[in-house]
2 protein chains.
Amino acid sequence: MSFPDSLRKTKSRLKVWEILSSSTTPLTARQIAQKADGGNEEKAVWLSSVYRALEAFEKAQAVNRTLLKDSPEALYSLSETGHHHYAICMNCKSRTELEGCPFGEHEHLHTVDEDFMVVGHVVEVFGYCKDCRKKMQKDAKK
Amino acid sequence: MSFPDSLRKTKSRLKVWEILSSSTTPLTARQIAQKADGGNEEKAVWLSSVYRALEAFEKAQAVNRTLLKDSPEALYSLSETGHHHYAICMNCKSRTELEGCPFGEHEHLHTVDEDFMVVGHVVEVFGYCKDCRKKMQKDAKK
DNA sequence: ATCCAATTGCGAATGGTTCGCAATTGCAAA
DNA sequence: TTTGCAATTGCGAACCATTCGCAATTGGAT
């Protein structure tokens with residue numbers, strides 16, 4: 001995932017991006033702001049600007065916002081790419097991509113359990129594709 | 001799902017419970033308070049008491065709190081039973097049951113694709129449980 | 001019926017997030 | 001490269017869902 005083309009590369013946004021890129025865990029806006037001014041007295045990026053940068057990234061689908069139930073603070077992390085699920089035919093094993101994700105575009109996930117930080121998920125739907133159903137109906141007649 | 005035995009049956013809690021029971025959709029605390037005093041001037045249940053009732057229900061695992069990203073207000077609903085999926089900790093492999101099914105309680109799964117006959121589905125959420133998160137944070141400090 | 005811990009009414013405080021506005025800054029066009 | 005201007009930021013104040021504090025009330029065990 002790289003810095004979204006659609007956004008101006010400003011000092012604050014680049015800083016926020018760099019911090020998120022180099023973090024292995026999701027961070028709160030406050031943590032990002034703190035890391036930005038690395039212990040210095042004066043702030044490198046003002047907290048409200050961190051929020052605005054994150055909002056812009058989120059709209060550009062480059063960043064994920066996550067709310068866990070045990071804290072009122074949102075957690076932010078870079079979005080992963082390529083997110084799809086499949087319907088799998090139990091007969092011929094063919095896969096057809098589901099349109100969208102039952103969780104919504106990443107939302108809802110945080111509702112899972114107050115103690116659980118969600119990183120990803122698997123969704124698979126099983127059944128029979130149209131072709132196989134036809135064949136199976138024919139075969140059944142024999 | 002019935003009113004938790006462990007909790008005192010007070011007027012406010014019974015009211016909140018009744019409202020949640022008779023609602024087909026999740027409600028915000030404010031909505032519950034409004035429904036409680038059904039248009040009357042004086043409040044039947046104070047908002048902070050609604051929050052406290054919901055908190056008690058949630059601790060008793062009788063109510064679900066849900067945070068969606070498009071609103072800062074939490075949604076509350078009675079916990080359902082039957083048909084579940086799991087959140088799996090990538091570190092310790094522990095499983096915790098997901099509350100509800102992302103496809104909705106009553107499988108409109110056949111809507112997935114007209115050509116696909118759905119027989120079942122798998123949903124698994126991956127991430128880190130609270131304990132492992134704590135451990136990982138400690139380890140990170142070393 | 002009595003007693004006491006649990007609960008509520010009520011308002012004030014908290015704290016994460018958003019907003020407003022003047023000053024600054026990317027960056028497209030000249 | 002310089003210019004022009006819309007986008008962005010610094011900064012603080014405002015917002016608002018939720019939590020807290022405390023005195024008054026109440027459920028329910030004895």
Side-chain angles (χ1 to χ4, degrees), chain A residues 2-20 26-37 40-60 62-77 107 110-111 114, chain B residues 2-20 26-37 40-60 62-77:
Chain A
S2 57
F3 196 102
D5 287 334
S6 58
L7 297 178
R8 280 163 92 151
K9 294 188 178 59
T10 67
K11 201 176 283 187
S12 330
R13 299 222 261 237
L14 288 169
K15 193 76 190 170
V16 170
W17 186 263
E18 178 202 322
I19 291 169
L20 278 179
L27 300 172
T28 67
R30 190 177 308 276
Q31 288 175 319
I32 293 170
Q34 276 167 1
K35 280 176 187 272
D37 48 60
N40 292 341
E41 188 60 30
E42 69 192 53
K43 300 177 192 313
V45 187
W46 209 256
L47 183 56
S48 49
S49 298
V50 171
Y51 276 110
R52 285 189 278 225
L54 290 169
E55 185 189 4
F57 290 145
E58 202 190 356
K59 277 189 184 147
V63 155
N64 249 13
R65 178 162 43 138
T66 301
L67 286 165
L68 300 181
K69 282 202 291 194
D70 56 355
S71 159
E73 287 182 274
L75 294 172
Y76 298 85
S77 59
E107 67 196 13
H110 49 278
T111 65
E114 58 175 343
Chain B
S2 56
F3 195 101
D5 287 334
S6 58
L7 297 179
R8 278 164 100 157
K9 294 189 176 58
T10 68
K11 202 176 282 186
S12 331
R13 298 221 261 237
L14 286 169
K15 193 76 191 170
V16 170
W17 186 263
E18 179 203 323
I19 290 169
L20 278 178
L27 300 171
T28 66
R30 191 177 307 274
Q31 288 174 320
I32 293 170
Q34 277 168 0
K35 279 176 186 273
D37 48 61
N40 292 341
E41 187 60 29
E42 69 192 54
K43 301 178 193 312
V45 186
W46 211 258
L47 183 57
S48 49
S49 297
V50 171
Y51 276 111
R52 285 188 279 224
L54 290 169
E55 185 189 4
F57 290 145
E58 202 192 354
K59 276 189 185 148
V63 155
N64 248 13
R65 178 162 44 137
T66 301
L67 287 165
L68 301 182
K69 282 201 293 190
D70 54 358
S71 160
E73 288 183 272
L75 294 172
Y76 297 85
S77 60

| request: Check whether more than 12 heavy atoms from other residues, nucleotides or ligands sit under 6.0 Å from atom NZ of B:Lys59, and answer yes or no. | output: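 Open: at most 12 neighbouring heavy atoms sit under 6.0 Å from NZ of B:Lys59.
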
| How far does CG of A:Leu67 sit from CG of A:Leu75, to the nearest 0.5 angstrom? |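 Here the rounded value is 8.0 Å.
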
| message | Would you compute the distance between atom CG of A:Leu47 and atom OG1 of A:Thr28 and round it to the nearest 0.5 angstrom? | response |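 A:Leu47 atom CG to A:Thr28 atom OG1 measures 8.5 Å (nearest 0.5 Å).
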
| request: Using heavy atoms and a sub-4.0 Å distance, could you list which residues of residues 46-55 of chain B are near DNA chain C? By number, please. | output: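 Those residues are B:Trp46, B:Ser48, B:Ser49, B:Arg52.
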
| message | What is the first contacted nucleotide of DNA chain C and what is the last, in 5' to 3' order, if contact means an atom lying under 4.0 angstrom from a heavy atom of chain A? | response |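 First and last nucleotides in contact are C:dG16 to C:dC27.
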
Interatomic distance where [atom1] belongs to [X] and [atom2] belongs to [N] [whole Å]:
| X | N | atom1 | atom2 | result |
| --- | --- | --- | --- | --- |
| B:Arg65 | D:dT19 | CZ | C1' | 11 Å |
| B:Leu67 | D:dA17 | CG | P | 13 Å |
| B:Glu73 | D:dT19 | CD | P | 13 Å |

| field | Evaluation steps, side chain to side chain contact (heavy atoms under 4.5 Å, CB included), between B:Leu20 and B:Leu54 | value | CA-CA 10 Å; B:Leu20 278 178; B:Leu54 290 169; 3.8 Å; yes

| query | Which part of the nucleic acid does B:Ala56 contact within heavy-atom distance under 4.0 Å: base, sugar-phosphate only, or nothing? | reply |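 Nothing, no heavy atom under 4.0 Å.
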
| request: Mind checking A:Lys9 for me? I need base, sugar-phosphate or nothing, with any heavy atom below 4.0 Å counting as a touch. | output: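 A:Lys9: backbone/sugar contact only, no base atoms under 4.0 Å.
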
| request: Search all heavy atoms of B:Trp17 against all heavy atoms of B:Ser2 and return the closest pair with its distance. | output: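 Of all heavy-atom pairs spanning B:Trp17 and B:Ser2, the closest is CZ2-C, 3.4 Å.
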
| What about B:Phe57 and B:Tyr76, are their ring centers closer than 6.0 Å? |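 So the answer is no for these two rings.
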
| said: Using heavy-atom distances to pick each residue's nearest nucleotide on DNA chain D, tell me which of B:Leu7 and A:Ser12 is more 5'. | reply: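 Residue closer to the 5' terminus by nearest nucleotide: A:Ser12.
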
| message | If you assign B:Arg30 and A:Ser6 each to the DNA chain D nucleotide with the nearest heavy atom, which residue ends up on the more 5' nucleotide? | response |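 Here A:Ser6 is the residue nearer the 5' end.
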
| field | side chain to side chain contact (heavy atoms under 4.5 Å, CB included) partner of B:Val45, chosen from B:Asp37, B:Val50, B:Ile19 | value |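 Result for side chain to side chain contact (heavy atoms under 4.5 Å, CB included) with B:Val45: B:Val50.
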
| task | Could you check B:Val45 against B:Arg8 and say which one's nearest nucleotide on DNA chain C is further toward the 5' end? | result |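 With B:Val45 and B:Arg8 compared, the 5'-side residue is B:Arg8.
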
| said: When you measure from the side chain of A:Arg13 to the backbone of A:Arg8, do you find a donor-acceptor pair of N or O atoms at a distance under 3.5 Å? | reply: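 Here the side-chain-to-backbone pair exists.
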
| field | Residue pair A:Lys15, A:Lys11: steps toward the side chain to side chain contact (heavy atoms under 4.5 Å, CB included) verdict | value | CA-CA 6 Å; A:Lys15 193 76 190 170; A:Lys11 201 176 283 187; 5.9 Å; no

